[in-house]
Structures are given as C-alpha cells and as structure tokens.
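The block underneath contains the structure these notes are about, expressed in structure tokens.
The first residue of the sequence shown is numbered 1, and numbering continues consecutively from there.
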Amino acid sequence: MRGEPMVKMADVAVLLDREEAQRRWRRGENVFGGELMEILSHAGVPHRPVSDPEELRSAVPDLLFVALAGKEAVPLLKAVAERGGEVFVFGSFPALAAAMGAAETILDAAGYARPASEIHPAPLRYLRGCRWRISTRTSLTAGGGMYEGRPDGPFLGPLSQRFAIGSGGITHWAVDLPYTVVGLQQGTRPVHRDGFPAPDGTAGIDDGILKADDGFEMDWDVDRLATETGERYFAHPYADWWKEVLLQSLLRTVIDREWTLPFVDYWPSGISQVAMISLDSDWNVDESAETTLRLLRECRVPATWCLIEPGYGADVYRKATAEGHELAFHYNAYGPDGGSWGREAFSRQLDWLREAIGKEQVVSNKNHYTRYEGWGELFRWCEEFGIRSDQTRGPSKKGNIGFLFGTCHPYFPAAWAEEENRFYDVLEISFLTQDINLGRLADDSVIVPFLEGVRRVRGVAHFLFHPIHLHREEPVRRALRRVVEEGRRRDFVFWTGEQIDKWERRRRRIRVTGVDETGRPLISESAGCEEAVVLVPLPPGRGDRENTVLRHGVRCQRWSLSQVKRI
C-alpha cells in the first residue's frame, strides 16, 4: 500500500541488564558496556535501551547488542536468535559460552586484532578480550584474528564467531570492544601517579605533575610512527577504528538481512570533517593576543581562546568576540603557577572569568598543563558549574603527540563504578599537539599525517597554540598558517569548540523512524538541524553514485533534512 514502508527498518536494541549491573557496582566493578549506546548515539544510529532481559520476550529486536547480561538472560538471547534476530556479545560471558558449547580463555593483556574488513586492513589495539574455544560440533562462521602482545605476535584465535541459531544467529566478539574504547579514550585506571615515560627519552611524562597523559594505554614502540624529519607520534585512532568496525558489521548485517537502517551523518551537509584551533592564554600578554588576532584574521579562521587568571585586558575580549572567536576557560590546577586541584578552585576561577569577559555562559574548558587527577572529578565540576565541553585530554610532551587517546571524535566520557558508569554531560574534544615548530616541541612535518589521520575517520583535527609563542616565534606562526592551508586543501572546515558542542548535541536529538515506499527517510524530530544529512545504507550495486557516499565501508544514499518526510 502506498505510504507504507517498503523495506523493514531494523529494530536495534542494547541490553544492559540493570540488576546484573547493580550486583557488579556493589562489588566496585566497572560496567563499561553502556559505551555501545554512546557509539551508536554518536554515529546517529536509531536504537533503544533494554534494562530488563524479560523485555525481550514481548519486544524482540532485530539486532541486539549485549552490553551486560547475567546467566538468567541466556535462554532469552538464544530465543531472540531463534526468532530471526542477530545477537552480538563482546568479551567474557561464561554462561553463554557454555550454552554455545564453548570454553572461555580470558585475554587480560593488551594485544592486536585484525578484523575481516577491507576498511581496516591494519591491526587494531585491544585492551581486553576473551577467546571462546569450541568443544562441540556446531554451525559457525569465524572472521578476523587476535594476536598476543604485538601485531605479529602468536595467533590467539578468531576475532568473531557467528553461531547460526534458528533463523538468526549469535556473534561473539573476542575483543571486549566497549571496555577497549573506554580504556583507550579515558585510561583504565584513575590518575594517581606518574605514567611511564617513552623509552627513547622523547616523552618524560614522569615529571611529578599529574596530567591526562599519565593514564594512556598506547604502546610506545608499536603504536608510534616517525615523520620524514624523525618526529615520533601516535599514528592510529584505534578507538575510532573499533567504532567503525562495529558500525560496518551492523550495517552489513542489516543489508544481508534485506532490512534498512537510516542514520544521521556526523557533520552537516557540505562538511566532511572539522578542524579546530584552541589558544591557551597562559602569560596573558595583551600584545601577544593582538598578534594572534591579526594572524587569525589573515587566515580567516575562528579559534577557542582558553583564558587563565589574571587574563587579558577587556579590549582583547571585545575584539575576539566581535571577530567570531569563542572565549573559554583555562582552569589552573598547576601549583607552581598559583593553581590548585579542587572544586573550590575550579569554581572561583570560573567566577573570575565570567566577570572578566562579562558573560555568564562559558561553554568550553581546557586545563592548564593538562593537569588531571582521579577519574571523573573534572567532569563533575564541569557539569556542576555549567561547562558543556572539555578539551583537556591531549599530550603534554613532544614524543606523545597524535592520537594518544585513540580518538579524534567528540564523545561523552563514562564515569567510574562509584557513579554507576553513567555518562557525564560534558563533551570531550581531545587535541593532537601544541605549538608546532616551537623548537622543544614537534616540527610541522606532523601536520599532514595528523590531518590525513583525522580525515580518514571524519573527526576533529584539534591543534593547540599559545599566543605568546605565536607572538615571539615566526616558525610557530608559519605552522598555524600551514595547518589552515593544509586543512582547507583537504576540505576541513574550521569551527570553535562551542560550535562543535552545539552541533553534536543538536544532531543527537534527531529522531529517524524508518523509510517510505520510495526509500525516503522518515523523521519525527529534526531538532532544528535543517542542515543535517540522513544516510540510508544500500545493497551492493544500488543507488546513483552522484547522490551516494561511503560510510563505514557501506555505500549509502544521502538525504538532506529538507528532502526527508516528517511524521
């Protein structure tokens, strides 16, 4: 009948068993499985949460991601598959392994995996996993591989195994994907001590200053490459790659089952990826601010100015605001510069900034020296005092620049078990490097590799500069010019942190509900994002090339919000 959807839209659900989670939280255990919902939300994929496995009896999803479930849920998961659903589980789940005729072997050390995917032929670092050894004869399909310690280490087994059950299936991923993504982005422990320095002496993070990079999870040897001038950098956004592998698996399953799954693209129509320049005021010399304003005017780019007490003169703020720049917070918790770590210091300094710039709403923050302690304290303060976005997670040394935390995409960080692993209402936008060409830091040979790495995953290329160095050092000014030139050559659009935060939050409110008989997406909520793009995955060989794009290894039909149908 005309007006009815011609293709079934897949019902995607994420099961995070609340009772099982409560049991684990009472024992002080983390439950990072909710990261699956954060990945789907950022990817614009419609999905619904399931907190009680019993809900699966009456509302059987087509695709079910198991973030957490207890042994009582095993019959229900098998029933979903028997009735035609596809179930995905990650890492250790002993009760389900036993039901599948398998025995678990825990992989509690970091290693590398090779997905069965042409979009990621390179190995991906994982932080934790679990191998299933099949002890009975069963119908299964294996893909990819897991390797111990290094990409060329001993083979541990397949990355994924799909068990055919009824008219559906259960796929076990040996890598604990949500734990790996959270661990790469945020570390695997709170920051209470110095991290381990680079063995080649290029990144002495053991400097007695607690910082974000004291809790990173990359390998100094395996995960760094060198530019033509010898600059060492972390080259691989592993967390973003894992998200892409997951999304490709989801979309290909949808296509194979002849369903559809419209989703919202990362950026507005006409934008492929975003670059960002942030500026830390530090020495607070007005003349350096004026030099920087002239340079940004010349380059025609906006910037996020992170301002530290006592700040610039009022005229600098007036000019920066008039020229489209963002005025942001630069929280000082570094003792030698008169700062301290704590809620009261954060609040007092923020009050100073609001009065200095004559503006109550301050959107963004970046900590001076990337000072950081614990796990979620900073994010709690940001929430409490109205900071919507943070940019603290980045490198502090020459030799640990690049994708230190495995991502260049904005994300909402997860809390520790004491806060039930909730997601903080603070958008994290990590940075790649600072003050290129300063001399004691990296030279401009890193610019192109960084931009290319970000372009590959369509994230945010965030470069940090200090106005004092832009004022004093021509090579640093030249580096900023080159960032802009090379970025524009690669179709980057320069935004402020405030613009990124506003867009990310708005686009997540778009609600896609299906497609009509012509394949046109249906939406129930646009959130005022008329410039957003909705993508519909296509079977191989379908669609007009001029109106399609490749996303997550799958060709998709592109629809602007002006073309979709409102219901």
Side-chain angles (χ1 to χ4, degrees), residues 16-17 20-21 23-36 39 65-71 88-100 102-115 123-135 142-161 171-193 195-196 214-223 236 238-239 241-243 245-246 375 404-407 414-418 421:
L16 201 162
D17 184 337
E20 179 65 20
R23 283 194 287 268
R24 299 194 185 196
W25 289 326
R26 284 193 291 270
R27 298 196 297 263
E29 296 179 20
N30 283 308
V31 176
F32 287 136
E35 181 66 21
L36 294 169
I39 293 170
F65 290 100
V66 181
L68 179 69
K71 62 183 179 181
F88 299 89
V89 297
F90 305 87
S92 176
F93 194 163
L96 184 59
M100 296 291 102
E104 289 196 346
T105 300
I106 299 296
L107 309 174
D108 57 3
Y112 292 81
R114 294 183 183 272
L124 278 65
R125 182 170 176 82
Y126 68 86
L127 302 182
R128 189 170 74 183
C130 179
R131 178 184 177 185
W132 280 12
R133 294 177 179 269
I134 309 302
S135 56
M146 304 277 283
Y147 299 85
E148 182 180 349
R150 299 178 60 89
D152 57 356
F155 179 70
L156 298 173
L159 171 59
S160 64
Q161 295 173 299
T171 299
H172 172 250
W173 292 54
V175 66
D176 188 336
L177 190 146
Y179 176 89
T180 290
V181 169
V182 172
L184 288 168
Q185 293 179 163
Q186 298 180 242
T188 56
R189 58 175 175 79
V191 174
H192 294 309
R193 59 173 173 79
F196 296 102
D214 285 317
F216 80 104
E217 288 292 337
M218 293 291 191
D219 185 282
W220 287 113
D221 296 321
V222 176
D223 298 327
H236 311 301
Y238 290 127
W241 288 1
W242 276 119
K243 296 170 193 176
V245 169
L246 179 71
W375 182 267
L404 176 65
F405 296 108
T407 184
W416 201 248
E418 64 195 12
N421 299 123

Please tabulate, one pair per line, all N/O donor-acceptor pairs under 3.5 Å involving side-chain atoms of residues 172-181, not counting sequence neighbours.
from: His172; atom 1: NE2; to: Gly91; atom 2: O; distance (Å): 2.8
from: His172; atom 1: NE2; to: Trp132; atom 2: NE1; distance (Å): 3.4
from: Asp176; atom 1: OD1; to: Tyr179; atom 2: N; distance (Å): 3.3
from: Asp176; atom 1: OD2; to: Arg128; atom 2: NE; distance (Å): 3.3
from: Asp176; atom 1: OD2; to: Arg128; atom 2: NH2; distance (Å): 2.9
from: Thr180; atom 1: OG1; to: Leu127; atom 2: N; distance (Å): 3.1
from: Thr180; atom 1: OG1; to: Asp176; atom 2: O; distance (Å): 3.0

How would you list, by chain and number, every residue that makes a side-chain hydrogen bond (donor to acceptor under 3.5 Å, both in side chains) with [X], sequence neighbours excluded?
{"X": "Thr188", "value": "Glu217"}
{"X": "Asn30", "value": "Asn421"}
{"X": "Arg131", "value": "none"}
{"X": "Arg23", "value": "Glu20"}

- Item | Closest non-hydrogen atom pair between Glu104 and Ser92, with its separation | OE1-OG, 2.8 Å
For the residue pair [X] and [Y], establish whether any side-chain heavy-atom pair is separated by less than 4.5 Å.
{"X": "Leu246", "Y": "Phe90", "value": "yes"}
{"X": "Leu159", "Y": "Tyr126", "value": "no"}
{"X": "Gln185", "Y": "Glu35", "value": "yes"}

- Task: Mind running side-chain contact (heavy atoms from CB on, under 4.5 Å) on Val222 and Arg125 for me, showing each step along the way?
- Result: CA-CA 10 Å; Val222 176; Arg125 182 170 176 82; 5.9 Å; no
- Item | Phe155-Tyr147 aromatic ring centre distance below 6.0 Å | yes
- Taken in chain and number order and not counting sequence neighbours, the residues that satisfy ring pair (Phe, Tyr, Trp, His ring centres under 6.0 Å) with Trp25 are none
